[in-house]
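Below: the structure, in structure tokens.
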There are 2 protein chains.
Amino acid sequence: MRQLRYFVAVAEHLSFSRAAEYLNLAQQSLSQQIQALERGLGVRLFDRDTRGTRLTAAGQVFLPEARAVLTRFDTAVVVVQRADRGEMGRLNLAFLTSTANYMLPPVVRAMRERFPDLELTTYNVPIDELVAGVRAGRFDAAFTRPPLVADLVTRVLAVEPVCAVLPAGHPLANRDVLSLSDLAAENWVLTPRESWPPWHARYDRDFAAAGFTPRVVQRAAGVPNLLGLVAAGVGVTRLARSARSIRRTGVVFVPLADDHAETVVAWMPAREGPALRNLLDVTATLTGTADLTSAG
Amino acid sequence: MRQLRYFVAVAEHLSFSRAAEYLNLAQQSLSQQIQALERGLGVRLFDRDTRGTRLTAAGQVFLPEARAVLTRFDTAVVVVQRADRGEMGRLNLAFLTSTANYMLPPVVRAMRERFPDLELTTYNVPIDELVAGVRAGRFDAAFTRPPLVADLVTRVLAVEPVCAVLPAGHPLANRDVLSLSDLAAENWVLTPRESWPPWHARYDRDFAAAGFTPRVVQRAAGVPNLLGLVAAGVGVTRLARSARSIRRTGVVFVPLADDHAETVVAWMPAREGPALRNLLDVTATLTGTADLTSAG
DNA sequence: AGTGGTTACAGTCTTAGCCTGTGAGCGTCG
DNA sequence: CGACGCTCACAGGCTAAGACTGTAACCACT
């Protein structure tokens, strides 16, 4: 490496003395190093005689090669330092299917703007796979809804109203606001209990606080399916307002008083690297600048 | 450089101990070198703890970079060694205009076959420019006709008969062979005396030996022009038989007894590098295998 | 012949880089 | 639960690479 730099310096100056001066080095040491390089390669690189130095044919061929090695090395150094600052590398991001439609575009756009060399790979996944993936390190961060599990750290990115979702033409559909207890007598469609126990534990608490146990006539996985069932008149359900972006026909969203849903970014604190920190910074500024949930 | 090799070894083995064994090195020394590398870069490359070693995100980015630098270096070494053996590099070859038509194709073809990575550049030049170019180093070798000058070394590649060139229908045109003295009474066309004095000095000796001084009615530079003048009946001239390849109509070539012309390769002995030696080897084998002058 | 330029050789010294010995931390197994 | 085996890191000693200075040989120009 050093010998390559020395070689290039001598080749550029065509003089051991001047190259040595340029390198802040004694001419003798430079001679010695070039000889060592020539010995190592088994190739004579310079024709020297008492009145100067010229490149041999082999030396002329070696000069661009040596330059290429050095610049390759220099860029490697720059790249690893940028990677260390989290400006390069790869981030695998998981989006909960029901949050992807409004969270993914602004996040990806802002990241590409601030860190164009950071390679983002995004995945739309159900909640259980999302949590397992973050824990296993398959995902560096996930955009999802709480509650999750204790070993993941979360930060709230957006808060939005929760709405009752009623079939169009339902007696309560023209109300401006409802409370959960207004829906005690309805038929309900909800997601399967096993999809993510922490969510259903919270639902159970909410329904208990409203003083009833919902009569569940149908369970279906995924927000689009729930909305389809509501539109078909099978029952009512309860979703964050951003779910409106998935389906607008045949269903009516009526805000539920004092009921809010959070969207969070979640990650493993042990795996918090610089690139992840940059992602968290960017999402934090996003939270301040725009209403993320209105994008859908 | 060494540190890069060490880094790649550790990254591949994901263990300082095993990598050290692989490198025939104490684990402690390897640890030390990696620390030095990390200190030099200002970047932590490995997450080590008591039960193993993993690459950091920056390390993962650095691994392909380091590999690239090393392979670039390895190819540089191979390239310079091939260049040293004369298998790579560049050769500038000069061909005397009148020899190019039969010498250039076989030489270039044979060189491309034996040394495909040797870059050949060929030039068709008049004799004075050819000699000056070889002396100045613009050409590494030249294919031409002797005599030249003392400081160029030459090797004979081909010998061919010299012919009297007569207009078609000339009284002597149907003879199988002539001697120079048969042409004492003819009108002559020859090249200008200043084109290349050593040639004309030889011509003068030949004519003197034949017992006459040619009556020169026209001087013209270049074999095609001479042939044109002969075809036009202006006079006769004297050329190597290979000149037939330039023009066959209106002229008749009759061999001159005991008169032969050589084609030689010429070079500066001081500039004799490995690539040039390879060229000389190839031309030597060419001389053995085929009649070069018949190609025209 | 003297002067200023080139590179190469020889001797000295510093320190990079290797070694061995040791220790701390974690996991496994008797 | 302690011994053992594995990991990597630290400490001290030694060798040799790579720096320095001094000298010499050679050439060109004055």
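Every heavy atom of this structure was used, including side-chain atoms; hydrogens, water molecules and symmetry mates were not. We name chains A, B, ... by the order of the sequence lines, and we start the count at 1 in each one.
Between B:Arg44 atom CZ and D:dC8 atom P there is a gap of 12 Å when expressed in whole angstrom units. B:Arg48 places its CZ atom 13 Å from the C1' atom of D:dC10, with the value rounded to the nearest Å. Following rounding to the nearest Å, A:Arg39 (CZ) and C:dC9 (C1') show an atom-to-atom distance of 13 Å. Rounded to an integer number of Å, the gap from CD of B:Gln33 to P of D:dC8 is 16 Å. Here the P atom of nucleotide D:dC8 and the CZ atom of B:Phe46 are 10 Å apart, to the nearest Å. Rounding to whole angstrom units, CZ of residue A:Arg2 and C1' of D:dA19 are separated by 9 Å. Spacing between atom CE of B:Met1 and atom C1' of D:dA17 amounts to 18 Å, rounded to whole angstrom units. Between the P atom of C:dC19 and the CG atom of B:Leu23 lies a distance of 10 Å, rounded to the nearest Å.
Look at B:Arg18 and you won't find any side-chain N or O under 4.0 angstrom from OP1 or OP2 of D:dC6. For A:Gln35, a side-chain nitrogen or oxygen approaches OP1 or OP2 of C:dC9 to under 4.0 Å. For A:Ser17 and C:dG5, the shortest distance from a side-chain N or O to OP1 or OP2 is not below 4.0 Å. Checking the phosphate oxygens (OP1, OP2) of C:dT6, no side-chain nitrogen or oxygen of A:Thr53 falls inside 4.0 Å.
Using a 4.0 Å heavy-atom distance criterion, A:Gln27 is classed as a base contact. Residue A:Ser29 is classed as a base contact, given a heavy-atom separation below 4.0 Å to a base. Within 4.0 Å of A:Gln28, counting heavy atoms only, lies at least one base atom of the nucleic acid. Residue contacts for A:Tyr6: at a heavy-atom cut-off of 4.0 Å it reaches the sugar-phosphate backbone alone, with no base atom in range.
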Check against side-chain contact (heavy atoms from CB on, under 4.5 Å), A:Leu4 and A:Phe73: CA-CA 11 Å; A:Leu4 290 186; A:Phe73 175 74; over 6 Å; no

Begin from the C-alpha positions of B:Asp74 and B:Arg5 and carry the test salt bridge (charged side-chain N to carboxylate O under 4.0 Å, His left out) through to its verdict. CA-CA 12 Å; B:Asp74 292 342; B:Arg5 291 197 195 281; 3.5 Å; yes

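Side-chain contact of A:Thr53 with A:His13: a donor-acceptor pair under 3.5 Å is absent, judged by distance alone.
Using modelled atom types, no side-chain atom of B:Asn124 and backbone atom of B:Thr97 make a donor-acceptor pair closer than 3.5 Å.
Position along DNA chain D of the nearest nucleotide to B:Ser15 versus A:Gln3 favours B:Ser15 as the more 5'-ward residue. Residue A:Asp49 is the one, among A:Asp49 and A:Gln32, whose nearest nucleotide of DNA chain C lies closer to the 5' end (criterion: closest heavy atom).
Summarising the geometry, atom CD belonging to B:Gln3 is positioned 10.5 Å from atom CG belonging to B:Leu30; distances are rounded to the nearest 0.5 Å.
Candidate nucleotides D:dA9, C:dT20, C:dT7 were compared by shortest atom distance to the side chain of B:Ala26, and C:dT20 ranks first.
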